[in-house]
Amino acid sequence: MADPSSYRPRPGEIPDSPGVYRFRDEHRRVIYVGKAKSLRQRLANYFQDLAGLHPRTRSMVTTAASVEWTVVSTEVEALQLEYSWIKEFDPRFNVKYRDDKSYPYLAVTMNEEYPRVQVMRGHKKKGVRYFGPYAHAWAIRDTVDLMLRVFPVRTCSAGVFKNAARTGRPCLLGYIGKCSAPCVERISAEDHRELAEEFCDFMAGRTGAYLRRLERQMAEAAEEMEYERAARLRDDIGALKKAMEKNAVVLADATDADLIAVAEDELEAAVQIFHVRGGRVRGQRGWVTDKVEEITTGALVEHALQQLYGEETGDAVPREVLVPALPDPVEPVQEWLAGRRGANVSLRVPQRGDKKALMETVERNAQQALVLHRTKRASDLTTRSRALEEIGEALGLDSAPLRIECYDISHLQGDDVVASMVVFEDGLARKSEYRRFQIKGFAGQDDVRSMHEVITRRFRRYLAEKERTGEWTDGEEPGAAADPGTAAAGLAEPPASTLTEDDGRPKRFAYPPQLVVVDGGAPQVAAAQRALDELGIDDIAVCGLAKRLEEVWLPGDDDPVVLPRTSEGLYLLQRVRDEAHRFAITYQRSKRAKRFRSSPLDDVPGLGETRKQALIKHFGSLKRLRSATIEQICDVPGIGRKTAETVVAALVRATPGGPAVNTATGEIMDDTEEPGQQTGSPGAPVTTGAPDERRGQER
């Protein structure tokens, strides 16, 4: 735990101007980003008496080892820079929105010759009309399914469209009347575009005039005794009204607005957003966030606005944003929103009428979300904390291991030997820091030696980074990071400058764990400890978890540590071990599948993909190609005699126990022929069998 006074800047060093500041820990990792109208006044709040700080703020300043800042011209620039750095560094103490997924939109690709209706996520494209966002993709598909009866716009992919145009047969939707089938020219491109524009007008809220027109057409058809046509129009009107019921009008005058509500307690806050487009609620989303410090509702609203609109432009930012409290000051946020939209944006608190009533509904949703989250999180936080404490006590650690790394080795009968590294922080998987290894120091099956190699490679990179940033303490020597024996074994790593950026982004292996867990018993644990000892690392604990009896092994101990079966600590270790095993075996299987998909023709020098395909197409299969003579192979366009001889030789080498072949004539030689008569020899036997037949041997 660091003393904040050890890195507190002198009062005169901090400028009294707008800016953004970053706190870093002892490993130069950015742990908090904030902005301030006055850097001097804001940073002074962090260096007061620790007893007067919010518990999470106190934890942050004692974890940090340095603070730095960047001066900007305006508060709008500070807002933009703060958002960029939070997205880039993902600081652990900043407000985190757990539900940060991309919400689906109903999109109409008006930039194509034949516009298509589809579900889209992610960045918006030019020339595409978007409606939403929606909470679920199935809600979009239900709405579109109802409307295709009236607006039979194309919904198929480009591949399906081209295939239908080539064959002259439309897809199923074309046969049942839910697509106008422009692929087979049942409708012209101009008429289909007009149909798509009518679809967009209806989705944009201009529904009344269109329904009145259909009702008038239905009445006229009935008067003219065209009862079938009148019945179709009646069903069309019913389908459109049903689609409209799914998005009931909540605000008049086709209002476009986002309503944001916040429910909070001392430690957490729930944020709920309703997206209203054309007067209808098109989508809803919610977030739960940790409150790192004493923060007002207005500040929470500001963070929510950053997350909502930080990567949006144009109409994705509505004309009106209704909030429970305004940020202080509100002008920079309004100016920033207007810059994202390209037009004025009204940011205000509703006082009366329909908008106030709808805001109360959003607030009730936020309150329910916070209650539900507290119900789930209380048990989860308690359980994880207890598990980490139990592990620390069982292994004799000074404190609970907040960062745990687990390693596993996987192979198939000694082939494709790989290893995995998974990371758990605060009892939760941090998948962005998972890593995979190929064992390259030796060939064959040796789990103990493989574990030694992986631990050596991982922590050599950590030492290289530590040396590069000047973190060596008095008396330490970095020479252990460059052992010539391991370098000769093929374990040399990239230069330290390529491991981590100077700006604090955690890359590769720059951040050390408090505990290393290996999948295995005493031999694997001893190998891992030996690797750390050789590198001069003595502040990282090591243990192993053996599968047979779920025993925990410590280096140098003759007997394992046996945790109770009901122990939360044992359960967490099992979960970490199982995740490492899953990650390793997934990588190993992908390498094996890639190897099995390889062809003997891949080893023929100068034989490109085009001529490989020509050979297979000419003979129909690799088996028939193997039985062909050199003269027959020469009949394939682009294949000369020399290439044909090389192909025959490659196929013979790849055939298990294959007979000898005279590469001059392509003849299969009898087993009784003398070796001197052969110009080609069979290859060495290889293990055969389908992957499922051999899976029992993999680990």
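All values below come from the heavy atoms of this structure, side chains included, with hydrogens, waters and symmetry mates left out. We count residues from 1, following the sequence as given.
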Could you please spell out the steps behind the side-chain contact (heavy atoms from CB on, under 4.5 Å) verdict for V349 and V323? CA-CA 5 Å; V349 180; V323 295; 4.3 Å; yes

What are the two closest heavy atoms between [X] and [Y], and how far apart are they?
X    : Y    : value
R575 : G427 : NH2-O, 3.3 Å
P512 : R403 : O-CD, 3.4 Å
A261 : A366 : O-CB, 4.1 Å
G34  : E82  : CA-OE2, 3.8 Å
A580 : C406 : CB-SG, 3.7 Å
V262 : A269 : CG1-CB, 4.3 Å

Pick from Y46, F47, Y32: which one makes a side chain to side chain contact (heavy atoms under 4.5 Å, CB included) with V61? Y46

Are the side chains of [X] and [Y] in touch, meaning some heavy atoms are under 4.5 Å apart?
X    : Y    : value
L305 : L347 : yes
T74  : P332 : no
L326 : V301 : no
V276 : L358 : yes
L395 : L515 : yes
I537 : D539 : yes
V30  : W85  : no
V271 : L300 : no

Could you check L388 against F424 for side-chain contact (heavy atoms from CB on, under 4.5 Å), going step by step and ending with a plain yes or no? CA-CA 11 Å; L388 293 172; F424 275 58; over 6 Å; no

Taking only Lys NZ, Arg NE, NH1 and NH2, and the carboxylate oxygens of Asp or Glu, determine whether [X] and [Y] approach each other closer than 4.0 Å.
X    : Y    : value
R29  : E433 : yes
E68  : R28  : yes
R348 : E320 : yes

Spacing of [X] atom [atom1] and [Y] atom [atom2] [to the nearest 0.5 Å]:
X    : Y    : atom1 : atom2 : value
R435 : E405 : CZ    : CD    : 10.0 Å
Y462 : L535 : OH    : CG    : 11.0 Å
Y407 : R458 : OH    : CZ    : 4.5 Å
Y309 : L337 : OH    : CG    : 7.0 Å
M359 : L259 : CE    : CG    : 4.5 Å
Q306 : L79  : CD    : CG    : 4.5 Å

Check: [X] side chain, [Y] main-chain N or O, donor-acceptor pair, under 3.5 Å:
X    : Y    : result
R24  : S66  : no
Q514 : L402 : yes
E579 : V576 : no
R340 : G310 : yes
R129 : V108 : no
R116 : T109 : no

Quick one: do Y130 and K125 satisfy side-chain contact (heavy atoms from CB on, under 4.5 Å)? Show the steps, please. CA-CA 9 Å; Y130 291 91; K125 301 177 182 178; 3.8 Å; yes

Could you go through the side-chain contact (heavy atoms from CB on, under 4.5 Å) check for M110 and E197 one step at a time? CA-CA 8 Å; M110 301 301 292; E197 289 174 350; 3.6 Å; yes

Taking the six-membered ring for Trp and the single ring otherwise, decide whether the centroids of F93 and F23 are under 6.0 Å apart.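 So the answer is no for these two rings.
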
Can you confirm whether Y434 is buried at OH, in the sense that more than 12 heavy atoms of other residues, nucleotides or ligands lie under 6.0 Å from that atom?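 Count over threshold, so yes.
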
Would you say CG of D398 has more than 12 non-hydrogen atoms from neighbouring residues, nucleotides or ligands within 6.0 angstrom? no

Answer with yes or no whether the side chains of S5 and R8 bring together a donor and an acceptor at under 3.5 Å.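 No, S5 and R8 have no side-chain donor paired with an acceptor closer than 3.5 Å.
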
Compute whether any side-chain donor of one residue and acceptor of the other, for T297 and E264, lie under 3.5 angstrom apart. yes

Return the set of residues passing side-chain hydrogen bond (donor to acceptor under 3.5 Å, both in side chains) with S38 (not counting sequence neighbours), or none when no residue passes. D16

